[in-house]
Amino acid sequence: MIFTTLHKIVKVNFFYMTIHRIKTIRPTLSIISETIYPIYTDSSCAESPYNKCYTNARNWNEWRGERKMLGYFKKLTGDKQTKKLNTYYNKVKQINALEPQIEKLTDEQLKAKTSYFKEQLENGKSVLDIQVEAFAVVREAAKRVVGMRHFDVQLIGGMVLSEGNIAEMPTGEGKTLVASLSSYLRALEGKGVHVITVNDYLATRDRELIGGIHEFLGLTVGLNLPMMDPNEKKAAYQADITYGVGTEFGFDHLRDHMAYDPNQRVQRPYHYAIIDEADSVLVDEAKTPLIIAGKTGVSNELSYLCARVIKTFKEDEDFLFDPETKSTNFTDEGIAKIERGFAIENLYDLEHQTLYHYVIQALRAHIMFKRDVDYIVKEGKVLLVDAFTGRTMEGRSLSNGLHQAIEAKEGLELTEENKTQASITIQNYFRLYPTLSGMTGTAKTEEKEFQEIYSMNVIQIPTNRPVIRKDLPDQVFDTIDNKYKAVARRVKELHEKGQPVLIGTTSILQSEEIADYLRKENLQFEVLNAKTVEQEIQLISLAGQKGRITVATNMAGRGTDIMLGEGVAELGGLYVVGTERNESRRIDNQLKGRSGRQGDPGTSEFFLSLEDDLIRRFASEEVEKLKKKLKTDSDGRVLNDKMIEFFDRTQRICEGSGYSIREYNIKLDDVLNLQRSTVYELRTRILEGRELVPLIKTSVESYVKNEIEYITSEEIIPENWELGLLVQNLSSVMPGTDLSVITDMMDRNKINDTVMAQLEGYFARLDAITENPQVLSAFPRYILSAVDHHWLAHLEAMERLKEGIGLRSYSQEDPMRQYGREGYALFTEMYHKIEKEIGIQTAAIVRSIESQIGRE
Ligand code: ADP
Ligand code: MG
């Protein structure tokens, strides 16, 4: 409770400052519901919309703050890391000490421990209080179910995960089994645990293997795969532990917030997640956001089809049109007609959301846009007409498929539209989890980023057996050609004695280049650019067999470890060859870590050249200078001093630049993220019908007040107030009220009082009508479509704003701040539109119900 209050204060302060910087009143032409008119926004007079819908939306600074308070975020350095490890080892001792007695339990008794632990938690114990015994139980279950006994270091890994940190454990240390510990522990809380893997293959594998242990202990386990239907997904999410790929969890989050029926949602509130290969998921793949986009493919056909269907629709029979508010909606008869026409059961089902969108737009195009009045058709194009000037508006188009709907109505060729329906970055998706944890072989080099962005510490876990792999110093050549020749020579030499070689490349293209050089040496090899994950995993798992040469990109076959074939250890184990420095040491380490698993022998060696990408991008000038005093041998090997330091330095620069780019994008995305959380929360509230009537009232009141304030602005003399317009606008959200008296008033307060009194009367009628639950249940879908409509348009506007920000960086203001400021203004504007639209939709329903009652 304290935390939320604190957040509110932080947020209010933050936006309080922002609000006061926005003083401009800017007219923008926008399309709202069924009519076009200009919107004027003065955000300074409005309460922040972020705060208005009681949001829990958190920007990530708050998120960090919360984690700090919960004690997740403690910087660990040198000594502290050792100290921390000692406390872990102490716990390991305790777990080991329990083994003799736990071993004696029958299967049933072991299983009974699960309900015992749950009871303990209910009685106020924390998960960390019961951790020791719970881990002992999981270890015993693993022995019985999969025949593996957690190594001591795996127990430590499990503890790190339980705390919400990153366990750094090299390949082959058995991270899959590590996850079994903390997923069990945190699942005991009954709020669901998500175990995130890098691909569906691994999710399925891990679910089978580790899920068996949990099922043995009486927990339920689910698997979330992309092609599942909503019911299967729902079941998977209801399970105590759910396996799946991160992107799919993110998409489910987005889809859940597009639902029109609360039962269509599949996820539960977030609790705890473990991310395997956390660096790949959170750093490498976090570059591309998840986007659900409307398909343009179907839109053409569907637009024409809908236009044709709508042509047959009759007013009052199939649809209602309210000229006063310029709003339109289908009647039940109309809906039934569409359902019959498209052979579907329920137009309001989530799966028909697209169809609903198209038919409603077709209807709007049909009845609200008159040819040669609202638009003209010229040279096969729809040109909008400005209602005030009567001139066509060049280059303007209606958004959200309405323009296409008019084109379809006129039988014209449709202009292209591919719309983002929803999007979120991987970072921001995972920040939704109150506790996040991760495991990977390589995270320490990016620790700062994990701390700054995710508030997770990286704890290096000692290996089960000492690593005896030899990492040889890099070899540097003058040209790429000489480098590849040296690689081929090295491979040949190793192959002659039968030692397996894995050549890591940065791209499939580079793999092909290397392949050419290997062919010249008459070597037999496998190039891993398989189309399927399964093939890739199969090939990479064979890379440790005698005499084998494998060329693979670094990403290939992630999550599979390479076991050595018979007699290979005697030959020196797997020899890993790197063909250039990667963008970060972390990725180099991933490659090195392919060799030397679980105390195996092995070697790694990197071949570099002065023509490498890294150098070209980040050290071209230095290399020019270097070339003047270059010393090479006959193979092109560079003999100058400090070459490795030079590459190290350049790689650091590259790492820094990558980090800055990611940081910049995250900050940019923070703006949208806060907006998204706000709208999603509003949406959830409407969808679940939570305090709907109060929400409607607040929205209407806010719109009314803003409108009065705007039209009776202090900057305009009262004689020039457009009170007729005010009456017209207010009437659209206050049906059955007579506001004409205010047209003679020259006093803002008087106007305000008069309107508020009328509003009170309207609200009383609204209360009476909505006492009937059946009537009330009609509201959400209209209001939701209003929210979605404006939110989607807003997403587009934000996208355009972001595109423009880069171009404007020459201006004085920091582009980031500019984006934040203007993004906030756009959001406020959108929020006003939503409020108005909620008012209009409600008015339409009220009017129709009251006229029904009147008739009865
Ligand atoms: P990582 O993900 O850390 O690279 P995996 O989870 O893929 O490692 O495990 C590597 C191999 O080690 C697997 O074959 C697994 O069965 C085995 N393994 C893991 N933990 C143990 C254990 N405690 N005892 C025996 N084998 C284990
Ligand atoms: Mg793994």
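In listed order, ligands and their atoms are each counted from 1.
- Residues satisfying the side chain to side chain donor-acceptor pair (under 3.5 Å) criterion with Gln538, sequence neighbours excluded, are absent altogether.
- The stretch residues 239-251 participates, sequence neighbours left out, in these side-chain hydrogen bond (donor to acceptor under 3.5 Å, both in side chains) pairs: Thr220-Asp240, Lys233-Glu248, Glu248-Arg255.
- For Arg581 and Asp648, the salt-bridge test passes: some basic side-chain N is under 4.0 Å from an acidic carboxylate O.
- Salt bridge annotation for Arg205-Glu208: absent, with no cationic side-chain nitrogen under 4.0 angstrom from a carboxylate oxygen.
- Scored by the side chain to side chain contact (heavy atoms under 4.5 Å, CB included) test, Ala134 finds Phe117, Tyr184, Leu185 as partners (sequence neighbours excluded).
- Protein residues with a heavy atom under 4.0 Å from ligand 1 are Met148, Arg149, His150, Phe151, Gln154, Pro170, Thr171, Gly172, Glu173, Gly174, Lys175, Thr176, Leu177, Asp561, Met563, Arg597.
- Under a 4.0 Å N-O distance rule, the pair Arg586/Glu449 does not qualify as a salt bridge.
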